[in-house]
Amino acid sequence: MLTTLNGVRDVFVIIFISSCFNLVATYRIPPPTIVVTQPTGLKVSIPDENGIVLFAFHGKINEQLEQNEVGTLYDDVQKPRDGRWIYENNTVALKMGDKLYYWIYVQNERLAFRLEDQVFEVTDFNTPTVINIAEPEVEQPKPQCEYSRTTINGGTHVCKNIMLFEETFDTLNSSIWTPEVKFPKDSEDAEFCSYQDRPENAYVRDGVLYIVPSLQSEVPGFNETVIRRGKIDFGNRCTPSTILNNDIECVRQAMGRQILAPVVSAQLTTKNCFKFRYGKIVVRAKLPTGDWLFPEIWLKSSQNVYGDDNFVNGLMRVAFIRANKQLQTAVGREIDGLYLQGMLVLDRGEANRERWMKTEVGQKHWGSEFHEYSLTWTDEMISMAVDGRPYAHFRDKFCDSTHPCNIPHANVWEAGVPPLAPFDQEVFVVLGMGVGGLSDFPENCITGPSRHPKPWGNTDPRAERYFWSDKNNWYPTWNGEDAGLQIDWVRVYSL
């Protein structure tokens, strides 16, 4: 079941959240002033008053807004100017008779207020017009809404400490979860699998979502020869992450050093249903067990604000393990499925995985039973916990003159919101299963009681081929559904 502001199944939550923004008797938004200039320009403002800490405007031209719709004209104003809180757009061109449909949001002290369903018709230019606000006929007490920095689905503000999203997997609801159909994009970091929409790789049973990897060679029409010489073209089923160079994600021709991705997996996202900025996500899950597997419980940027490639927009991993039952680095450090890790991914490469990674050691493999994995994200800190026990905190700015990190694209984060840029954009939820790859398993690590070496090198262009050639060693450790990610429920809360 889904509980979200955009949903229709949980009417009580929708009504409460909508009503909690209404005016209460202790405060009313002052009358706004609107000025339209020629040839372009629009200014909407309210006078500064004690207690106002944020002013937001949302509007459309000649088109009515749906409830909570962001609109085509919008901005959050963080401070007043010349005694007024001002939304200003110098590029919009309005003509006589145009109608501006809009709503206004104001945070006064710790409470949020809205002036809704407003319409302004352009009848003059360059003349400030004060909008008269009718007194309410009956002033009824309304539920108070404590202001939250959390936003959803394009910037809509919500109340503090409420559940925004809940999925309990009664079914695999296609209106919530979008299956990815693609190859991993980053060829220098990519997993050794493709993501496809196949019922054997992602399904629901008894209220649990199962995401289970399988072999591409077991798909009808594929065999060892096709893996090494064939082609896969996902065509219009492909779901590339960007429109740029999408053949990398949609088409794969095996030749020479490159083979077809030997494993089929699944990756489900809420990118077409639910996105949020700042909040808390809790996932009750049983992590996978098996050599060279890892879970994908991610928060991923919904817009490529900082660029298209190389983790420039950042990735939050809510829970990560290397699912091998026994795994050691070349120098004997244990890194197997007893070691839970929360991490922020900001660049490719093994060293950058370690840099923003925190570890919690378990009493037994994290794939042996269900646990609750959580990530709390504010504009000042990201923290992670398991079963309510915090174990990871990220507070500092990632890269600047005092914190050099040798990441070439770090300079673009200076345009973001400190200290956590690029983690200042709305994200969507990703659930999936990864296999192998070129950054998550250290070079020359050793697995199993036989101390079998990792069969590929992270910088070797034949890495995927060597992984596949070692199938007789790793595939027997994949024990059906235990080799998959199992999700009981997902919940997201505002802060």
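A salt bridge links Glu180 and Lys271; the closest N-O separation between the charged side-chain nitrogens and carboxylate oxygens is under 4.0 Å. Ionic pairing of Arg333 and Glu354 is present here: one or more N-O contacts between side-chain nitrogen and carboxylate oxygen are shorter than 4.0 angstrom. Remark: Asp482 engages Lys286 in a salt bridge, criterion side-chain N to carboxylate O under 4.0 Å. A salt bridge links Lys454 with Glu443: the closest approach of a Lys/Arg side-chain nitrogen to an acidic carboxylate oxygen falls below 4.0 angstrom.
Between the side chain of Thr151 and the backbone N or O of His157, no donor-acceptor pair lies under 3.5 Å. In terms of modelled atom types and a separation under 3.5 Å, the side chain of Asn201 and the main chain of Ser265 share no donor-acceptor contact. In terms of modelled atom types and a separation under 3.5 Å, the side chain of His365 and the main chain of Asp336 share no donor-acceptor contact. Without hydrogens or angle criteria, Arg229 side chain to Ala254 main chain gives no donor-acceptor distance under 3.5 Å. Between the side chain of Gln486 and the backbone N or O of Glu481 there is at least one donor-acceptor pair closer than 3.5 Å. For the pair Ser494 (side chain) and Cys159 (backbone), a donor-acceptor distance under 3.5 Å is present. Checking side-chain atoms of Ser439 against main-chain N and O of Gly349 turns up a donor-acceptor pair under 3.5 Å. Looking only at distances, a side-chain donor or acceptor of Asn313 sits under 3.5 Å from a matching main-chain atom of Tyr306. Listed for the Glu426 side chain is a donor-acceptor partner under 3.5 Å among the backbone atoms of Gly154. With hydrogens and angles disregarded, no donor-acceptor distance shorter than 3.5 Å links the side chain of Asp488 to the backbone of Ala285.
Heavy atoms only, all atoms of each residue included: Pro184 and Cys193 are closest at CD-O, 3.0 Å. Closest of all the heavy-atom pairs between Ala261 and Glu464 is CA-OE2, 3.5 Å. Residues Thr378 and Leu420 come closest through the heavy atom pair O-CD1, 3.4 Å. Nearest approach of Ala319 to Pro295, heavy atoms of both residues: O-CG, 3.8 Å. The minimum heavy-atom distance linking Asp76 with Ala56 is given by the pair OD1-CB, 3.3 Å. Of all heavy-atom pairs spanning Lys275 and Ser302, the tightest one is CD-CB, 3.1 Å.
Of the N and O atoms on the side chains of Gln267 and Trp298, not one donor lies less than 3.5 Å from an acceptor on the other residue. Side chains of Arg237 and Gln196: no donor on one and acceptor on the other come within 3.5 Å. A donor-acceptor pair shorter than 3.5 Å can be found between the side chains of Trp456 and Asn458. Defined by atom type and a distance below 3.5 Å, a donor-acceptor pair is missing between the side-chain atoms of Asp291 and His452.
By the 4.5 Å heavy-atom criterion applied to side chains, Asp308 and Lys185 are counted as neighbours. For the pair Val386/Trp366, a side-chain contact is recorded, criterion being any heavy-atom separation below 4.5 Å from C-beta on. Counting heavy atoms from C-beta outward, Thr239 and Tyr195 have side chains that stay 4.5 Å or more apart. Between Gln258 and Arg252 the shortest side-chain heavy-atom distance falls below 4.5 Å. Between Lys160 and Tyr147 the shortest side-chain heavy-atom distance does not fall below 4.5 Å. Within the 4.5 Å cutoff, the side chain of Tyr210 has no heavy atoms near those of the Val204 side chain. Between Thr270 and Glu167, every side-chain heavy-atom pair lies at or beyond the 4.5 Å cut-off. At a threshold of 4.5 Å between non-hydrogen side-chain atoms, the residues Val427 and Lys300 do not count as touching.
Judged by the 6.0 Å distance and 45° axis criteria, Arg149 is not positioned over the aromatic ring of Tyr278. A cation-pi arrangement is absent between Arg284 and Phe169 under the rule of less than 6.0 angstrom and at most 45 degrees off the ring axis.
Crowding of Glu224 atom CD: a count of heavy atoms from other residues, nucleotides or ligands under 6.0 Å exceeding 12. Remark: Gln303 CD is loosely packed, at most 12 non-hydrogen atoms of other residues, nucleotides or ligands lying under 6.0 Å away. Around the CG atom of Asn411, the shell of radius 6.0 Å holds more than 12 heavy atoms that belong to other residues, nucleotides or ligands. Heavy-atom neighbours of Arg389 CZ from other residues, nucleotides or ligands within 6.0 Å: above the threshold of 12. When the shell of 6.0 Å around NZ of Lys280 is examined, it contains 12 or fewer heavy atoms from other residues, nucleotides or ligands. The 12-atom threshold is not exceeded at CD of Gln363, counting heavy atoms of other residues, nucleotides or ligands nearer than 6.0 Å. More than 12 heavy atoms of other residues, nucleotides or ligands sit less than 6.0 Å from atom CZ of Phe234. The environment of Lys358 atom NZ is sparse: at most 12 non-hydrogen atoms of other residues, nucleotides or ligands sit within 6.0 angstrom.
Contacts classified as disulfide (SG to SG under 2.5 Å) and involving residues 415-483 (residues at least two apart or in different chains) are not found.
The six-membered or imidazole ring of Phe394 lies away from that of Trp356, with a centre-to-centre distance of 6.0 Å or more.
We find the CG-CE distance between Asp440 and Met343 to be 6.0 Å, quoted to the nearest 0.5 Å. With rounding to the nearest 0.5 angstrom, the CG atom of Asp470 is 14.5 Å from the CZ atom of Arg465. Between the NZ atom of Lys471 and the OH atom of Tyr475 there is a distance of 8.0 Å, given to the nearest 0.5 Å. Separation of atoms CG (Asn479) and OG1 (Thr289) is listed at 9.0 Å; rounding is to 0.5 Å.
Classification of the Phe320-Phe294 ring pair by plane angle, with boundaries at 30° and 60°, yields tilted. A perpendicular orientation is assigned to the rings of Phe398 and Trp413, their planes being inclined by more than 60° (bins at 30° and 60°). Using bins of under 30°, 30° to 60° and over 60° for the plane-to-plane angle, the ring pair Phe276/Phe274 lands in the parallel bin.
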Residue pair Ile487, Val283: steps toward the side-chain contact (heavy atoms from CB on, under 4.5 Å) verdict: CA-CA 7 Å; Ile487 306 286; Val283 180; 3.8 Å; yes

Trp468 vs Trp474, side-chain contact (heavy atoms from CB on, under 4.5 Å): CA-CA, chis, key distance, verdict: CA-CA 9 Å; Trp468 176 238; Trp474 51 258; 4.1 Å; yes

Test side chain to side chain donor-acceptor pair (under 3.5 Å) applied to Arg317 and Gln341, step by step: CA-CA 8 Å; Arg317 287 181 165 181; Gln341 293 168 328; over 6 Å; no

Verdict with supporting geometry, Tyr74 and Tyr105, side-chain contact (heavy atoms from CB on, under 4.5 Å): CA-CA 11 Å; Tyr74 59 89; Tyr105 170 98; over 6 Å; no

CA sep, side-chain torsions, deciding dist, call: His409, Asp347, side-chain contact (heavy atoms from CB on, under 4.5 Å): CA-CA 9 Å; His409 55 250; Asp347 196 15; 3.5 Å; yes

